[in-house]
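Side chains included, hydrogens not; waters and symmetry mates left out as well; all remaining heavy atoms used. Just so we're on the same page: letters track the sequence lines, and every chain starts at 1.
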There are 2 protein chains.
Amino acid sequence: MSPWTSAVGAPQLARLLQSQHTREATALSGGRRLPAYRALADGVRLLVLEGRVPVAARLPAERELAAALKVSRTTVATAYEALRGEGFLESRRGAGSWTAVPAGRPLPGRGLDPLPPEATGSVIDLGCAALPAPEPWLTRAVSGALEELPPYAHTHGDYPAGLPALRQAIADRYTARGVPTMPEQIMVTTGGMGAVAATCRLFVRPGERVAVESPSYANVLQLMREAGVRLVPVAMADRLAGWDLPAWRQTLRDAAPRMAYVIADFHNPTGALADDEQRRELVDAARSAGTVLIADETMSELRLDGTGDDAAPRPVSAFDPSGSTVVTVGSASKSFWAGLRIGWVRAAPDVVRSLVAARAYVDLGTPVLEQLAVTWLLNTGGWDEAVTLRRGQARENRDAVVAAVRRHLPDWEFTVPRGGLTLWTRTGGLSGSRIAEAGERLGVRVPSGPRFGVDGAFEGFVRLPFTVSGAVAEQAATRLAAAARLVATGAAAEADLPRTYVA
Amino acid sequence: MSPWTSAVGAPQLARLLQSQHTREATALSGGRRLPAYRALADGVRLLVLEGRVPVAARLPAERELAAALKVSRTTVATAYEALRGEGFLESRRGAGSWTAVPAGRPLPGRGLDPLPPEATGSVIDLGCAALPAPEPWLTRAVSGALEELPPYAHTHGDYPAGLPALRQAIADRYTARGVPTMPEQIMVTTGGMGAVAATCRLFVRPGERVAVESPSYANVLQLMREAGVRLVPVAMADRLAGWDLPAWRQTLRDAAPRMAYVIADFHNPTGALADDEQRRELVDAARSAGTVLIADETMSELRLDGTGDDAAPRPVSAFDPSGSTVVTVGSASKSFWAGLRIGWVRAAPDVVRSLVAARAYVDLGTPVLEQLAVTWLLNTGGWDEAVTLRRGQARENRDAVVAAVRRHLPDWEFTVPRGGLTLWTRTGGLSGSRIAEAGERLGVRVPSGPRFGVDGAFEGFVRLPFTVSGAVAEQAATRLAAAARLVATGAAAEADLPRTYVA
């Protein structure tokens, strides 16, 4: 069985390979040169491990790739042979070659992937920007849900729009934040990704354009790529100034994208926060262009500095009172716990009805018990107490990560964000992808910049999440510094450093 | 905002409209004729209410539809105007017309949709073939899960392949059924639909062919339509003989579909059960054709007659020891409770790895708590006790439904299935769609045959689930008989019968 699901053309693969090498990285490689086939094989392996080329994707024929890269066909053939030997490529006569991952190797393609449980002792996993549950609130919420369960147990348990009680509680919360909302405007989804996926399916067809911040949330970019949409990146301004409104206005006007996806609240990965004026202008520009503006509020409660809520900007939807332009996506994953898989959409009632109607063919609905747990949290005030705990935890982690990176990687540049869960840092002119690969071998897992970019941008960045503190943050920075040294001296490309775990 | 997501061409709409009128139904309409525009408007409304034309789908221009139907443009214009007045159509100059549902109207497009809670007293909902939870096992399982939760609460909660303990428990169950299985062969999904959706995404690209039983499970057919695949129907043989192997062999050989989707265990909707020989031949034919065979085992534990397990055929995957052809889909929704939203895939390890890698861009993972609940059930034996309860419940319901239909609708023809949750019945020559619409007004909700067919087949059928018994089954059959009388006399097409509830 060769279940290849997509194909990577020769020009596309060549572009991806070339994006891995920043000029600085080449300069810093200390003059050591790998054989051309080895450099090519390493590059492909890295693209697969990073999820930038999917597993089971058909690779171009040797002849085509050789032409696109301007190397000999022998080089490509030898590289493919090496990749086959390492388990990263499978081939069959007549069917071509497709990417693979060797047995026992952690899977690529995610936030990153969670490590296998037996590895968590030895590897510091900075792949996922999500925190443990804010106990005792998870246990309390589930106990509360258990008490509410009996009447639901008597039903068939299938609620495609979400439990009425949860839709009401989420609507009330928007109303309290100054955006009057009816339960008919809420659909509960399986996580925030479920909300984004449903919205994409409703509004965008393959080949249509979607404007995104550049950088943006890696999983959403990949979701859109897989849906066949054309991503139109709009660069974020430097130093957390965030949204470059003239650029946004021009892109929306000129490209007239069907949809735009923005994270105005503690943007992932940069941590930037849009102010009221930026929000108003984004909504106005989207409305003028006839673009649906998806506002992802997943991080909105994770303000880490400044206690007064007077400082908080208004929700993006507050600037769209008619409800014709903005669709809001929310989630319990960052405010509370990702293990609940509860997200939601807030939109005009007719949009919610269409989203619900289309849902039967995806996941039918979100589990009842989790919905009851979140309802319990929202209705008892437990949610707010849990968020307060969570903010404290994230703040402590942020400060530890920032201090450790400053200590061990003094040439890495970043601006400390005032909220969210991520630090977006330049990697001192080195390739973020190479640092990520070297880190993987040295016991620290980080996602590199290109995951958050369109077409290989941000090779000189990595994202660090606010999920560790104390000695672990220190150890993570130490390992990253070691990885950076390996990359700088060119040693990282030589295979077979000791692996710290086997999945 | 006019979020139309799909378009229905004039020839397609004409075909769908024509499929609504079985010859018998026309003959039985008592010679009463509606105005042409009214018949057209009713037809479109019915298609929308049944979900056979999606909400927010663009309809053809009046001129095109008039040509396709060979009626005057005035007829189409008047019908569209009527639909607009009733809230089933919205139009905007320059943007065309698209389908809608009026505010307060239950949404179409699902299994059917669950009724709003306030309506459940008055309407008998036979839309969904799912039973209430088999208490006390749900409560016990959730309590058990709560005790196991603390170590997971310390993690970020994101398990794209499923919790290791649950993958192990599901694998052990297959092994015990005679199909040796490793945990690496299992991916936990959000319901069985999540499993089918993931499998489709991996194996089939738009425009490729998928062979399906005809009839088959409505939501899966719709999922595949939305994925842009070409459905190749293979007719089920009559009287629960089920799989017409010569037809399957020929279809697989001639059409060489990328994938085939079969429900060999108490097929939905017919209730047929494939025997060992049919299973072996299906697998062999798929292997020869290079077709991936998806075996949906959602109903497999719902044997209602015959206690000896010697009577049970072997799992479809038992006939594919190399694991190269069969992908199995399972679910807790029918055996236990749909409100858990737990499903799974069993496949070769490399297929599971590819499925997991692609998952980040859909729903990231399945909630932890539900997974712990199912793990608890499987590991304590609670699962088997719950299934025994559930079988008793389903058997009682089946016998009640069969008896009530025989009493009140003596000309409806069916074969009583020996398992599963559905009765597939001919409707005495009347249109199943019209009966469904009349039933909706008379307080009984049933899905009509065409939901389970490709291209409007099975207009002369409805599906009745084994979800009611006693007086409720009796009342349901009484209302269905009344609906059938309305359709037979032609009165059902006249609008504005009293509605029994308002959503």
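Among all heavy-atom pairs drawn from A/Trp337 and B/Thr155, the shortest one is NE1-O, 3.0 Å. In terms of heavy atoms, A/Ala153 sits closest to B/Pro132 at O-CB, 3.3 Å.
Here the straight-line distance linking atom CG of B/Leu149 with atom CG of A/Leu138 works out to 4.5 Å at 0.5 Å rounding. A distance of 10.5 Å separates CD of A/Gln371 from CZ of B/Arg341, quoted to the nearest 0.5 Å.
Looking at B/Glu370, the atoms closer than 4.5 Å to chain A (heavy atoms on both sides) sit in the backbone and in the side chain alike. Proximity to chain A (any heavy atom under 4.5 Å) is shown, for B/Ser143, by both the backbone and the side chain. Contact of B/Leu369 with chain A is made through backbone and side chain together, with heavy-atom distances under 4.5 Å.
In this structure A/Arg140 satisfies the salt bridge (charged side-chain N to carboxylate O under 4.0 Å, His left out) test with no other residue, sequence neighbours excluded.
Interface summary for chain B: among A/Pro367, A/Gly192, A/Ala145, the most heavy-atom pairs under 4.5 angstrom belong to A/Pro367. Between chain A and the options B/Pro150, B/Gly339, B/Gly343, the largest number of non-hydrogen pairs under 4.5 Å is found for B/Gly339.
Considering only heavy atoms from C-beta on, A/His156 comes within 4.5 Å of B/Asp125 through its side chain.
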